[in-house]
Amino acid sequence: MSEPEAALELEGLEVAYRGVPAVRGIDLTVGRGEIVGLVGPNGAGKSSTLHAIMGAAPSPRGDVRLYGRSLRGLSPERVARLGVALVPEGRHIYSSLTVEENLRLGYAARRSHDGLDEDVAWVHALFPVVHEFESRKAGALSGGQQQQLAIARALVAKPDVLLLDEPSLGLAPTIVERLFETLGEIRDRGVSILLVEQRAQLTIAFADRTHVIANGALKLTLGPQDAGDTARLTAAYLS
Amino acid sequence: MRRVLELAGPIALVAATAAIASGISSAHQLEFETALVMVAIVVALYVFVGNSGVISFGHASFVAAGAYLAGLVTLDPETKNFTTPGLFHVLLHAQIGLVPSLALAAAVGAAYAIVVGLPLMRLSGLPAGIATFAVLGITYDVLSYWGKIGPGVQTLSGVPEASSWSIAAGVVIVIVAAYAYQRSRFGRMLRATREDPAAARASGISIYRQRLLAFALSGALAGLAGGLYVHQLGIITPELFYLDLTFVTLAMLVFGGMGSLWGAVVGALAISALNSFLGDAENTVDVGFHLTLPNGTRLVTVGAVMALVLILKPSGLTGGREFGRWRR
Amino acid sequence: MLAAVNWGQAIADAIALGALYGLVAVGIGLVFGVLRLVNFAYGELITAGAYVLAYTYGWPRPISILLCVGAVVALALAQELVAFRPLRRGGATPATMLVATFAVSFLLQAIYLLAFGSRGQIVGTLGRLNSAFTVDGVDIRWILLVTVVTGLVLLGATAAVLERTSVGLHIRAAATDFRTSRLLGVRANRVIMLSFVISGVLAAAVSVLYTVSNPLVQPTMGVPITIFALVGVVVGGMDRLWSAALGGFAVGLVYGLFSDVMSSTSSVYLPAVVYGLVIVVLLLRPAGLFGAWRSAQVERV
Amino acid sequence: MSRSTRVRIVLAVVGVCAGLLATTAAARTDGTAAKKPIVIGAVVDLTKGMASFDAPALLAAQLEIKKVNASGGINGRPLKMIYLNDQLDPAKTKQFAVQMLQKKVDIGWVTCDVNYASPAAQTFLKAGKLTIAPCLGTDELSPIAFGKIGQLGFSYGNVAQDEGAAAAEFAYKTKHWKTATIVTDDLLRYFQDVCKAFTVRFQQLGGKIVAQEHFTQFKNQINSVVSRVNNEKSDAIAFCSSFGVDQPAFVSGLRSLNNQTPIINGWASDGNYWWPKSPKVTNFYYLTYASVYGDDPSPKVRAFEAEMKKAGHPAQTGGFLGGAAAIDGIAKALFLTHGNTSGKALAAQMVKFKHVLTLSGYVSFSPKLHTVFGRAYRVIEIQNNHAQFVKLVTASSPANIGR
């Protein structure tokens, strides 16, 4: 059986918190080696979608598949170990642990330790601060550095699919640019990326495809060529 | 309509319990009375714990304060001269009626709660729990050995006993007070601090002041409940007001559902009933046939049932909802 | 009203009590750290271990002690699997969890009462360690040294597991942010089970050490130990293992010292005095004596 | 869980609870005996902390009742014992006493600790019933704790004032110990009173008290007490505590320090359940009702112990004898009232008991002491975890401890 081309597929995904729907039936595909954007206003259901993929949302409906394999009903740690890594919103690094310890926590989801040194070396090359400050407490890093650490931590898990939840939040524009460049490099290693962002235009211009989500449903799909088309975007946001 | 139901449910249950109590043999009457007293204590506890979300291990102290005072001032001085000649002069010679003694019990409960609450209500979470536990430890220790405020290591008996109906009346007062508080502006403010302390603070609510108020009211009701307890059982001894009472009443509250008055009442009655039935069944009970359970069944079963219900239904039997609130 | 005190002796006795409470505090603090669960039924683990020692008296000592450790660890895991895990699954609030641990504690005490009687059983495993050598007029019991050394070794071993192993790293991460560590692939249940295993081993160590000087086991033996250790954990500060350990030690030490300093007739008020001190400490330092200096705000239960 | 399920659960639970309470409420019927026995209603603990005292006393009472009935009962009426297990729950204790009154018992029987007994004792006393505790050791089942109605209460235990005095007399006169350290457990009035009585009598005889130490059981103070006591030099240690965790801790703690000073206690040290395994108990003396080691001086007591063994419950401590003695005392009082079971009549006879012979030997009461004094105590000596009877002693009089 040949491997399906779609790395991650969502089919009719629904999430509700205490009876209040947050995601109302999303179909979405991230192809192998693709960067797919997901943009939308606050509370549109972006984070809920990511948490549902990870198995961290309460009883979602619909299906999530990783290379054809259903992730329904699996625990977050199981999903992580199958090759999906999440860089959560607000980074969630462990400020009382050292940078190196934070990085090591990323190993938890690796299926094997083969090639670990290589991956670490690659990550160190991508994010030199992670190497430079490895014995510092992670809490002492700046916001941008913490974000780099969070992505580095996700990468050493050697994921097939990387989920990023608003990585640009609170970062200066130049740093964001650099960050997006790095994402490109990561994709080039064969990692498929689902990028959730508030900076819509930047994302649309950067990603292979970008879906606009509002009120828990997909409203519109845009390509890089549509980056300047603010009218459609605004309409989708307000719908 | 719903509001009427919310208060009517608990009161109807209490009234029914009292009605059965007054209509049956005196031995079993006591079981119902004990259950009623437990309702009063648990509801008093609920006023603070349920509305603030902060656990208190100290409430048995307020119950004790009420019970000791109400008991001592209603005992006849002649008996006290025999049994506890070392009491403070006032306590030794005082003799007042049942109703004023209950008022005194509520007053001393409130006073003690205020003294304790003034410093301790600044604490939250586990430190608050441990600090209130320390209050319990101090109260128990002092009551156990200080002969001026009670019988010390002895037991004092002969406290005048109240009728089922007057106990039920006391319990209804406790429930009505708890309900009135819960519906009041203060009750709503305190519950707001429970749900979201930061938001409550931002909207100008002083968590400290609201908690202190609830603690004082809760202490008053606990003191009153203590008065009911002593007039039900007829004896005073420190052992009544220590770990067992603390854990059992907390368990009753959580078991019923600590978010609602209805939960407090249902929890107290349910565990009292189970405990009492099994205690009787170990000594043979007639349930159509003669049922005799092995010794100790009660202890094991009560523990197991409490654990099991919490596991199956962590929000308690009532899910923390008021009576009548489940329909929409 | 102070009694004439042999200070050396008073300190030696107090250290013995402190070391023991310190050990218990670590066991309680570890599980609290990971799960934010105050396990009131921890004392029943100690009691269970002591019963095993009592009933295996006469067997080769190492076997008796190994059985004790095995039984206590098994019971600790059973507590987690049968009671606490289903509760967490059901989304229980911290208050419910706490009361559930009371229920478990109550249940286990009832079972001990029915199975082993109210009167108690004598443990004789390491009775010899109760003997003493004298230094400068102070009797120092061997058990004091053994307790202190065992305490330090176990604390060190626990710290080493936490600091040096990857599963230890996972435990620390889970203790800080449970949800995120699961998202990173940390196997939550394995981490939790391991912390119960470690806390079980610590409880078993307490069973062995405590029964040397207090050889009679009865059903409620664990309750006062748990209460004082728990007070110690909170007084010391719950955020770190060593602060919990020091808190337990401090409470035991102070209790032991006051027990010698207070005159014989006023010693009935010893618990009241110690609890009074606890309240003062909590008011001045809600995060604990050895807790972080900056944060006075502690998460609510 | 849906709302309606929740409603159903709550209603079901409420219903079940109501049902439970209602079934309990259904009065129990008891067949009344043809001969109309004189009924003793016992409310005691057969499960928890007092079970090891209450249960043997209850069994002994039942065996003794059989004997009384075999010899014709009281004026042709047999004695009958019924009992309920209160497990020390105060509410149940009171409820069961009321239940006993409904069954028209003639005499009340309560547990051997006045604090636990109070709810039942008060109920029986108020109803005008003679109220008996088989082995309570303080003077409190009397007006001292219950006021006027306490005149109907009596205990067949040895009163602490007498027991402590007898221990002091044995220590001073027989053993020639001239100095003593007193170690009191403040947990119970009984312990306090035994040590007070020992102190008073020991000093009256000319002995010297070197030090008075106090502790409270279950509060982890015992190891400091051991250290302090070890620093006192005296011929003997009077140790008043029992049944708990602190007695073995004290004895093994002291002996571990190579302190071999003799220790003496009352009945509270009876039984071998608490003996530490190493170091073993040595130089330890206690006074009790009967030796349970097969060497009691009274053949009748030895025979009685054999009967208990046959019944499947061999005596663990001498306290059972209080149960048998209480039946003898009750029978005697009933004989004196010609079968009148009113509490007042029976108490009026009982309070006058002077050297009345029971299975436990001679017992006396006085208007001041409603708990037995003047009994011959068995002194038991333990060496190397081996106990044996050494001497019978009787106190010349109970000590005056200021009450």
Side-chain angles (χ1 to χ4, degrees), chain C residues 3-6 9-10 12-14 16-17 20-21 57-58 113-114 117-132 134 137-139 141-143 212-221 223-225 228 252 255-260 262-268 270-271, chain D residues 1 45-53 55 87-88 182-187 192 211-216 218-228 230-231 243-259 271-281 316-317 385:
Chain C
V5 180
N6 176 345
Q9 190 65 58
D13 291 340
L17 199 58
L20 213 66
Y21 283 145
Y57 178 71
L113 177 71
L114 296 186
S118 62
R119 205 156 218 187
Q121 303 289 333
I122 280 286
V123 176
T125 316
L126 294 173
R128 292 264 170 75
L129 291 179
N130 219 2
S131 59
T134 308
V138 176
D139 294 316
R141 293 177 190 277
W142 288 104
I143 184 64
V212 170
S213 51
N214 300 270
L216 194 76
V217 197
Q218 26 91 295
T220 54
M221 170 185 127
V223 176
I225 305 177
F228 273 107
Y255 192 90
L257 280 180
F258 270 77
S259 145
D260 270 333
M262 286 171 78
S263 77
S264 218
T265 40
S266 60
S267 77
V268 289
L270 171 62
Chain D
M1 201 176 293
D45 169 33
L46 301 175
T47 307
K48 294 182 95 177
M50 294 305 294
S52 41
F53 308 102
Q87 300 186 6
L88 307 181
I182 311 289
V183 182
T184 309
D185 176 357
D186 287 319
L187 183 74
Q192 296 175 347
Q212 289 272 5
E213 293 290 350
H214 290 254
F215 70 101
T216 312
F218 304 118
K219 289 192 179 166
N220 254 319
Q221 302 167 330
I222 196 68
N223 293 322
S224 342
V225 172
V226 169
S227 296
R228 290 206 298 264
N230 188 42
N231 283 332
F243 60 69
V245 293
D246 284 355
Q247 174 167 258
F250 178 79
V251 175
S252 88
L254 208 57
R255 295 299 182 242
S256 295
L257 296 177
N258 280 325
N259 184 322
N272 60 10
Y273 66 95
W274 63 269
W275 296 352
K277 304 222 154 99
S278 88
K280 291 183 171 158
V281 183
Q316 305 290 316
T317 83
N385 283 9

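Naming: A, B, ... by sequence-line order, numbering from 1 per chain. The model shown is predicted, which means the values in this text are computed figures rather than measured ones.
Closest non-hydrogen pair, S259(C) versus S224(D), comes out as OG-OG, 2.8 Å. Contact between R128(C) and S278(D) at its shortest, heavy atoms only, is N-OG, 3.5 Å. Residue P215(C) comes nearest to P248(D) through the heavy atom pair CG-CB, 3.9 Å, listed as atom of the first residue, atom of the second, then distance. Taking each heavy atom of D186(D) and V268(C) in turn, the nearest pair found is OD2-CG1, 3.5 Å. A249(D) and N214(C) get closest at one heavy-atom pair: CB-OD1, 3.8 Å. Counting all heavy atoms, side chain and backbone alike, S256(D) lies closest to R141(C) at CB-NH1, 3.7 Å.
Among N220(D), I222(D), T184(D), the residue with the largest count of heavy-atom pairs under 4.5 Å with chain C is N220(D). Per-residue counts of heavy-atom pairs under 4.5 Å with chain D were compared for L113(C), D13(C), I122(C); the largest is that of I122(C).
For chain C, the nearby part of V226(D) is the side chain; its heavy atoms alone come within less than 4.5 Å. Within the 4.5 angstrom heavy-atom criterion, only side-chain atoms of Y57(C), from C-beta onward, approach chain D. Contact of N258(D) with chain C is not made at all, since no heavy-atom distance falls under 4.5 Å. Heavy-atom distances place both the backbone and the side chain of T47(D) under 4.5 Å from chain C. Heavy atoms closer than 4.5 Å to chain D are found nowhere in F228(C), neither backbone nor side chain. For L114(C), the part lying near chain D is the side chain, with the backbone staying farther off; criterion is any non-hydrogen pair under 4.5 Å. Within the 4.5 angstrom heavy-atom criterion, only backbone atoms of Q212(D) (N, CA, C, O) approach chain C. Using a 4.5 Å cut-off between heavy atoms, L187(D) does not touch chain C at all.
Open room surrounds NZ on K280(D); 12 or fewer heavy atoms of other groups in view lie less than 6.0 Å from it.
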Quiz item: Where do T216(D) and L270(C) land on the side chain to side chain contact (heavy atoms under 4.5 Å, CB included) test, with the steps shown first?
Solution: CA-CA 9 Å; T216(D) 312; L270(C) 171 62; over 6 Å; no
Quiz item: Can Q218(C) and V245(D) be said to form a side chain to side chain contact (heavy atoms under 4.5 Å, CB included), step by step?
Solution: CA-CA 8 Å; Q218(C) 26 91 295; V245(D) 293; 3.7 Å; yes
Practice problem: Would you please test Y255(C) and K219(D) for side chain to side chain contact (heavy atoms under 4.5 Å, CB included) and show each step? | Solution: CA-CA 10 Å; Y255(C) 192 90; K219(D) 289 192 179 166; 3.5 Å; yes
Practice problem: Take D139(C) and N230(D) through the test side chain to side chain contact (heavy atoms under 4.5 Å, CB included) and record every step on the way to the result. | Solution: CA-CA 9 Å; D139(C) 294 316; N230(D) 188 42; 2.9 Å; yes
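In this structure, L17(C) and N223(D) have side chains that are not in contact, with every pair of non-hydrogen atoms separated by 4.5 Å or more.
The line from CG of L216(C) to CG of D246(D) is 9.5 Å long, rounded to the nearest 0.5 Å.
Take F215(D) and apply the ring-ring contact (aromatic ring centres under 6.0 Å, His included) test, not counting sequence neighbours, and it matches no residue.
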